[in-house]
Amino acid sequence: MKRLDLFISERELPQIVKAIEAAGAPGYSVMKHVTGKGPHGSVSESMDFSGLGANAHVIVFCEPEVLEGLREGLKPLLSYFGGMAYVSEAEPL
Amino acid sequence: MKRLDLFISERELPQIVKAIEAAGAPGYSVMKHVTGKGPHGSVSESMDFSGLGANAHVIVFCEPEVLEGLREGLKPLLSYFGGMAYVSEAEPL
Amino acid sequence: MKRLDLFISERELPQIVKAIEAAGAPGYSVMKHVTGKGPHGSVSESMDFSGLGANAHVIVFCEPEVLEGLREGLKPLLSYFGGMAYVSEAEPL
Amino acid sequence: MDTSLVLQNLLTPPVLFFFLGVLAVLLGSDLEIPAPLPKLFSLYLLLAIGFKGGLELQHSGISGPVLPTIAAAVAMSLLVPLYSFLVLRLKLDSFNAAAIAGTYGSISAVTFITAESFLETQHLHHDGFMVAALALMESPAIIVGLLLVKLAAPQKRPRQEAMRWGAVLHEALLNGSVYLLVGSLLIGFLSAANSPSSVEKMLPFTDKLFYGALSFFLLDMGIVAAQRVRDLKEAGSFLIGFSILMPLFNAGVGALLARGLGLDPGNALLFVVLCASASYIAVPAAMRMTVPEANPSFYISTALGLTFPFNIIVGIPLYMGLVNALIPSAG
Amino acid sequence: MDTSLVLQNLLTPPVLFFFLGVLAVLLGSDLEIPAPLPKLFSLYLLLAIGFKGGLELQHSGISGPVLPTIAAAVAMSLLVPLYSFLVLRLKLDSFNAAAIAGTYGSISAVTFITAESFLETQHLHHDGFMVAALALMESPAIIVGLLLVKLAAPQKRPRQEAMRWGAVLHEALLNGSVYLLVGSLLIGFLSAANSPSSVEKMLPFTDKLFYGALSFFLLDMGIVAAQRVRDLKEAGSFLIGFSILMPLFNAGVGALLARGLGLDPGNALLFVVLCASASYIAVPAAMRMTVPEANPSFYISTALGLTFPFNIIVGIPLYMGLVNALIPSAG
Amino acid sequence: MDTSLVLQNLLTPPVLFFFLGVLAVLLGSDLEIPAPLPKLFSLYLLLAIGFKGGLELQHSGISGPVLPTIAAAVAMSLLVPLYSFLVLRLKLDSFNAAAIAGTYGSISAVTFITAESFLETQHLHHDGFMVAALALMESPAIIVGLLLVKLAAPQKRPRQEAMRWGAVLHEALLNGSVYLLVGSLLIGFLSAANSPSSVEKMLPFTDKLFYGALSFFLLDMGIVAAQRVRDLKEAGSFLIGFSILMPLFNAGVGALLARGLGLDPGNALLFVVLCASASYIAVPAAMRMTVPEANPSFYISTALGLTFPFNIIVGIPLYMGLVNALIPSAG
Ligand SMILES: Nc1ncnc2c1ncn2[C@@H]1O[C@H](COP(=O)(O)O)[C@@H](O)[C@H]1O
Ligand SMILES: Nc1ncnc2c1ncn2[C@@H]1O[C@H](COP(=O)(O)O)[C@@H](O)[C@H]1O
Ligand SMILES: Nc1ncnc2c1ncn2[C@@H]1O[C@H](COP(=O)(O)O)[C@@H](O)[C@H]1O
Ligand code: NA
Ligand code: NA
Ligand code: NA
């Protein structure tokens, strides 16, 4: 089984979730209020009051086949809006 | 070393933590306010005001032997209350 | 590629982040409000009002070479202030 | 149905902010009141309503219709789940039927508060002991709901120990919102007797802010209720019908009881609203723990997605009309 | 420049708390107002300012200078982005120029509120319809900003569908903060007409708390604005100059328009402040969605790191001086 | 010990809500006030107490007993840690002894506020300069605590640079809560002199809400304090004894000093409470940074789990009795 870790802006969350569902992932988990730094600069929570928000961390556990679909659906979003994605191995308990 | 990622309802957290401690895990970390989707449907934070809450993400790093005990203690809880658990490999820094 | 998971007190976050940047990591993500238990005892969110805070979960994805620098910079902080760090494997999507 | 009453209720800030929240979801606005801000308002409203009730109870004393009314209220919180269960079993399994039945036996503090505000705009008197009735109707319904599961559900449940009575009673009586409401009631009661000057200093917080905080909270409730409407489709027409007809039936029973108890119109309306409302604070949290077999989207979407808006928008003025018809005003 | 006005503005709690926040960052204090508390204050201020504006609009009616003023305000929110864009294109690409242009066409509700508070300490009258102008200036600027991108940006953008007009209009009109402001305005307007007693009960929340809540929020704004100052260095001297000179220019245009519209000094100051302020609530959130090519640190740090503090601290009294010079007080 | 004073203190909303929180933990209720809501109240109380103190300081001026009292307060915040350290070293290592010593030299703003509220129910006058004393007692104790570590701890600490004096002074003086308190004091002082009308507009927020917000916060403090009681067992009987006896001793010294300073009973009580209280806001956060070798559960559970409840519940009326015995009321 595969584990996908996504870090994106909270603002793009609805579109990312749509893409995950479209790829047929069996589920996903979302943590908001994530801060950090990446190639596009620092992200803090200080603009939260404005609706701009910080980052979200999205985790998807899925079969390798589904990962292919996720890659296809997510890559364009990540390259347009920014954000990072990493894959690792995992097994159900 | 093993890494266990649990996703359960915040409401069941006390019972899950009890089971983790009973299995002799050397420690654990808990993140609340996790939303997501799984076989039992969507979970949002909108009922937070009622004490129902969203999901919690629990992480346990432990030796493989301890994982066996965790499996035994957690499986019945997960199958009764719902929730997901995944295992992967990790090493101390 | 390597994935580093750090669990430290929110109070030490600025120093930890400084060490991560000094080691030349390409980025990092931070989740606050993490509770848990470890060799130094339990950590809850109940002292949050005092500025003491709970734990933070820091994730760094980086090349193995950078991990060496991270180890060097972080180990003294972790042994002085407490906190845990685990390494696993990951690949970009 | 007295449409002028409906209109008078409709065009007040609390109800209008509720609509604004509903509309935000329907139109797809990204307006959001992030957690834990709604919890702040929810805790505040429970604390304030309890405290004010305690003050009034101290002033009015425990006499006249107080004890019979409270007894009748508790009786309704035991009875409503029983007959609701029978109706719900027509279409649902025991777990879901019991969880929803408990929900309708219990009460909605926010509906109660909105009814109080409505009474104030109508210049109708009501008493502090009604808050005691409110506080005492939450727990029995939870217990009956779980009793129904125990009696009617398949004998062998995997984690029977989760149903230990200790745990159930604990959840029913010490549930955070029940506890805060009852505790604040006692604190109001004690403070009013012993330290009137300190009560005076509490009032800007518990009294003056109350209406505005209620309006703000109802904005969020509108958002949450509208998000639940989607679940209603899944729930199907049986549950949709139940969510409207059961409150109406309970209101009717409540109105007759209120008349029998000799309550004046203000207290009678509150009594009817207690009977007609369903819990979406204490009960869902309790059910999730103790009847995990039930589908939360059923008991939450009926109580919060349909019965709550119905009561807030048309129920309260409708019940006022009913009360006015059954109970002649003293004035 | 009337230094006594500047001082009078400076030594009031809202501005002093803003300074306290700025100084916390400069001195390295760990003072922090964690999320989502600033959001609570931000939602509260929008709700309260809208509600109060609605009340006053109901009382004053829609007559006299109301419609011309609102029309002029909307016109400015369309015009300012156009000429700002031309100036910004001198140094920036189309994406960044359009995003910043939209920001300056729109308004800052907190600057407006601080100006209202300033007027009250000056005992100068102002009208509720100015809040309607505030509410109506947010969306057009967002739309013009995005129109500019569409017209001036390289033809082929990777995710053209993100620029569907439906999505853009949706973002402009239903953005959470615009929606709450307009909704609260309507609720104030309707409540004032239909339920004066319920309005009375709202006032302790929407009116009495307002000044203190503004001060608390400005403490956070001071922290956030000061954190943005670092980004300004990256933005360079062109943008730094723009963040001061453009508001001054817009204020000049606004003051002349206000005179032409025959506004009295209080309303004139508010009109000028609307023209001179830049949005850091609704617009950045919209731009992030629809012009992700633009660098957020540019449009946020100019509007929030420089224009906002400038307006709060010296802009408001400066514009008051300008208004006093151009418009003779009726008194 | 004047039991009627104890009872009068006990049956006020702040103390009763504190009890309600304690009881919630003891009974196992799931009542919870989630982060960051307690931080909202904590920030609010610091802001309001500072602002009110500044106003009063402006009105009373800096004369008479003001400077001697403040000097005595600062002296106590230096002295208490010194003799506390000697006592604590009997059983604890230097790190833990120094951290706890610093905690007891510093103050608890919430205890101070509760004492102020108690004085108001007793109709006893007190002055704004006592808030200045409060504000100035936090930092010196932090510095002495760290000085003790430096002098008495094993020479070689792994990260000696963490103890650079710059960092320590920074933490002591610019710690968020000290900074907000002192800043609000200055803002109150400046506003009162320059803009009385703006002060008027702050009062509903800083004054009227104060008592209710304190009660709400104490509900959470009750929960947190009771959760700490478990840690007390680990701390052992020596620390339990210390947490009660040291405040009593400090109160005695404080009462004699207050008499020597010629303070009237109201100010004397506040002075005693400053001496007798221990910090669980600024100091633990500072100690965690600069003496990580010390066990936080020791310095938090003594100050928050025992000394704080003791002072809130019996300490304040007890100290009032002491003050009444030592200082004859002017009336
Ligand atoms: N190397 C990394 N390790 C962990 N998180 C990262 C890393 N790079 C980027 N991120 C996260 O991804 C977010 C989006 O990155 P970006 O928009 O590409 O700068 C950042 O704000 C971080 O939260
Ligand atoms: N495939 C998945 N990937 C990531 N998280 C998941 C997945 N499936 C379930 N979850 C999380 O586990 C929670 C509980 O799942 P469940 O109750 O089994 O529907 C969900 O609400 C998600 O937060
Ligand atoms: N075995 C573990 N698994 C997951 N998290 C852990 C583990 N051990 C420690 N932690 C986390 O690391 C934090 C710091 O640990 P400590 O070394 O006790 O200061 C704890 O509070 C937990 O959040
Ligand atoms: Na009911
Ligand atoms: Na503008
Ligand atoms: Na002290």
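In what follows, every chain begins at residue 1, and chains take the letters A, B, ... in the order their sequences are listed.
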Practice prompt. Give, as side chain, backbone, both or neither, the part of A:Glu91 having an atom under 4.5 angstrom from any heavy atom of chain B.
Written response: both
For residues 23-41 of chain A, which side-chain N or O atoms pair as donor and acceptor with protein atoms under 3.5 Å away, sequence neighbours left out?
residue	atom	partner	partner atom	Å
A:Tyr28	OH	A:Glu21	OE2	3.2
A:His33	ND1	A:Glu45	OE2	2.9
A:Lys37	NZ	C:Glu21	OE2	2.8

Practice prompt. Considering only heavy atoms, give the residues of residues 49-68 of chain A separated from chain B by less than 4.5 Å, sorted numerically, with 'none' for an empty result.
Written response: A:Ile59, A:Phe61
Worksheet, complete the sentence: For A:Lys18, the side-chain contact (heavy atoms from CB on, under 4.5 Å) test, sequence neighbours excluded, returns none
Worksheet item: Taking the side chain as C-beta and beyond, is there a heavy-atom pair between A:Arg3 and B:Tyr86 under 4.5 Å?
Response: no
Worksheet item: Under the side chain to side chain donor-acceptor pair (under 3.5 Å) test, which residues partner A:Glu12, sequence neighbours left out?
Response: E:Arg288
